[in-house]
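Below, each value reflects all heavy atoms present in this structure, side chains not excepted, and no hydrogens, waters or symmetry copies. On a predicted model such as this, the values are computed, not experimentally measured, just so you know.
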Amino acid sequence: PMLIDDLAEVDYSLNSLPAVFQPFIDLDLKGIVYPSGNYTVPPYVASPFTIPDQSDSMLYLAFSEYFFQTYSFAYYAAGAFNTTIAEETCSYFNISTEIFGSIIPEVAKYSATPYPVMLKLMATEVPIISLEQDSFTVEIQGSMEVFAVLPDSTTQSLFTTNIAANTSIALNIFDQKVMGSLCLNR
């Protein structure tokens with residue numbers, strides 16, 4: 001396996017010997033992503049797929065849903081989908097207990113004085129990645145805990161909320177750059 005970063009490694013070894021034909025060579029690579037140093041078999045089953053016959057380009061790459069599922073699983077297992085948005089970042093975007101108090105009356109009752117906040121975001125399940133005709137969809141289940149940052153630098157948990165997001169991402173190549181568009185479905 002080759003190290004992607006500190007959190008994950010990819011095994012792109014050959015599944016079988018290369019098939020050499022007159023006009024092309026077919027390489028069947030594994031494409032499994034593991035949490036760094038943990039080579040246990042992912043809880044997914046790879047489905048075989050074929051690439052449509054085309055001959056107008058020099059190189060074709062195909063990625064299966066299995067590759068993206070193992071990618072998502074590896075990063076989830078490594079805790080990459082858990083993050084804390086610090087008080088300084090929230091202050092920059094003017095997010096405070098006052099903002100949450102205008103939406104949730106209980107927060108307003110608790111915090112009459114506006115305090116800066118800190119957000120803790122966590123994925124509660126492995127994000128699901130599905131390939132579609134011209135894009136792919138990412139479904140994320142998670143939670144967000146909101147903390148008030150008090151004057152003595154301690155934090156007080158205000159509330160926790162569950163989050164479910166479904167987004168579509170379409171990738172295109174423009175002027176030798178990969179460009180993406182993101183759409184929040186729900």
Novice: Is the backbone N or O of E98 less than 3.5 Å from a side-chain atom of S96, with the two atoms forming a donor-acceptor pair by type?
Specialist: yes

Novice: Check for me, please, whether I95 and I103 land in the same ILVMFWY cluster - side-chain distances under 4.5 Å, paths through other members count.
Specialist: yes

Novice: Step through it carefully: locate the ring centre of F159, locate the ring centre of F100, and say whether they are under 6.0 Å apart.
Specialist: yes

Novice: Do Y76 side-chain atoms and T124 backbone N/O form a donor-acceptor pair below 3.5 Å?
Specialist: yes

Novice: State the CG-OG1 distance between L119 and T89, to the nearest 0.5 angstrom.
Specialist: 9.5 Å

Novice: Testing the basics here: between L131 and S64, what is the closest heavy-atom pair and its distance to 0.1 Å?
Specialist: CD1-C, 3.7 Å

Novice: Quick one: CD1 on I104 to CG on L158, what's the gap to the nearest 0.5 Å?
Specialist: 8.5 Å

Novice: Would you mind reporting whether F73 and P43 have side-chain heavy atoms less than 4.5 Å apart?
Specialist: yes

Novice: Could you report the tightest heavy-atom contact between S135 and S168, atom names first, then the distance?
Specialist: OG-CB, 4.4 Å

Novice: Say you draw a straight line from CD1 of I4 to CG of L7; how long is it, rounded to the nearest 0.5 Å?
Specialist: 9.5 Å

Novice: Assess whether atom CZ of F68 is packed by more than 12 heavy atoms of other residues, nucleotides or ligands within 6.0 Å.
Specialist: yes

Novice: Side chain to side chain contact (heavy atoms under 4.5 Å, CB included) for V10 and F67? Distances and angles first, verdict last.
Specialist: CA-CA 9 Å; V10 63; F67 172 78; 4.1 Å; yes

Novice: Could you walk me through whether V117 and T97 pass the side chain to side chain contact (heavy atoms under 4.5 Å, CB included) check?
Specialist: CA-CA 6 Å; V117 296; T97 55; 3.7 Å; yes

Novice: Taking a hydrophobic cluster as the set of Ile, Leu, Val, Met, Phe, Trp and Tyr residues connected by side-chain heavy atoms closer than 4.5 Å, whether directly or through intermediates, do L182 and I129 fall within one such cluster?
Specialist: yes

Novice: May I ask you to test the S130-E65 pair for a side-chain heavy-atom distance under 4.5 Å?
Specialist: yes

Novice: Donor-acceptor check, side chain of T155 to backbone of A148, threshold 3.5 angstrom: yes or no?
Specialist: no

Novice: Can any side-chain N or O of S72 pair as donor or acceptor with the backbone N or O of Q69 at less than 3.5 Å?
Specialist: no

Novice: Answer with yes or no whether the hydrophobic clustering places V146 together with I99; edges join I, L, V, M, F, W, Y residues whose side-chain heavy atoms lie under 4.5 Å apart.
Specialist: no

Novice: Report yes if some heavy atom in the side chain of P127 is under 4.5 Å from a heavy atom in the side chain of Y75; otherwise report no.
Specialist: no

Novice: Around D5, counting heavy atoms of other residues, nucleotides and ligands shown, do more than 12 lie under 6.0 Å from its CG?
Specialist: yes

Novice: Indicate the atoms forming the closest heavy-atom contact of I163 with S143, along with that distance.
Specialist: CD1-C, 4.2 Å

Novice: side-chain hydrogen bond (donor to acceptor under 3.5 Å, both in side chains), that's the test. Do S36 and E9 meet it? Break it down for me.
Specialist: CA-CA 5 Å; S36 192; E9 299 178 26; 3.2 Å; yes

Novice: Backbone N or O of V33 within a donor-acceptor pair of the T70 side chain at under 3.5 Å?
Specialist: yes

Novice: Output the rest of the hydrophobic cluster of F147: all Ile, Leu, Val, Met, Phe, Trp and Tyr residues reachable through side-chain heavy-atom contacts under 4.5 Å, sorted by chain and number.
Specialist: M118, V149

Novice: I'd like to know if I140 and I169 are part of one continuous hydrophobic network [Ile/Leu/Val/Met/Phe/Trp/Tyr, side-chain heavy atoms within less than 4.5 Å].
Specialist: yes

Novice: Determine, stepwise, if the pair Y44 / V126 fulfils side chain to side chain contact (heavy atoms under 4.5 Å, CB included).
Specialist: CA-CA 12 Å; Y44 305 104; V126 177; 3.4 Å; yes

Novice: Donor-acceptor pair, E145 side chain versus T160 backbone, under 3.5 Å?
Specialist: no

Novice: Rounded to the nearest 0.5 Å, what's the gap from CE on M122 to OG1 on T84? Could you check?
Specialist: 9.5 Å

Novice: Which is it for V138 and I128 under the side chain to side chain contact (heavy atoms under 4.5 Å, CB included) test, yes or no, and what are the steps along the way?
Specialist: CA-CA 6 Å; V138 179; I128 299 169; over 6 Å; no

Novice: Check whether N82 reaches the backbone of A123 with its side chain - one donor and one acceptor, N or O, closer than 3.5 Å.
Specialist: yes

Novice: Report the residues that fulfil side-chain contact (heavy atoms from CB on, under 4.5 Å) with D175, sequence neighbours left out, ordered by chain and then residue number.
Specialist: none

Novice: Would you please name every residue forming a side-chain contact (heavy atoms from CB on, under 4.5 Å) with T154, sequence neighbours left out?
Specialist: L150, D152

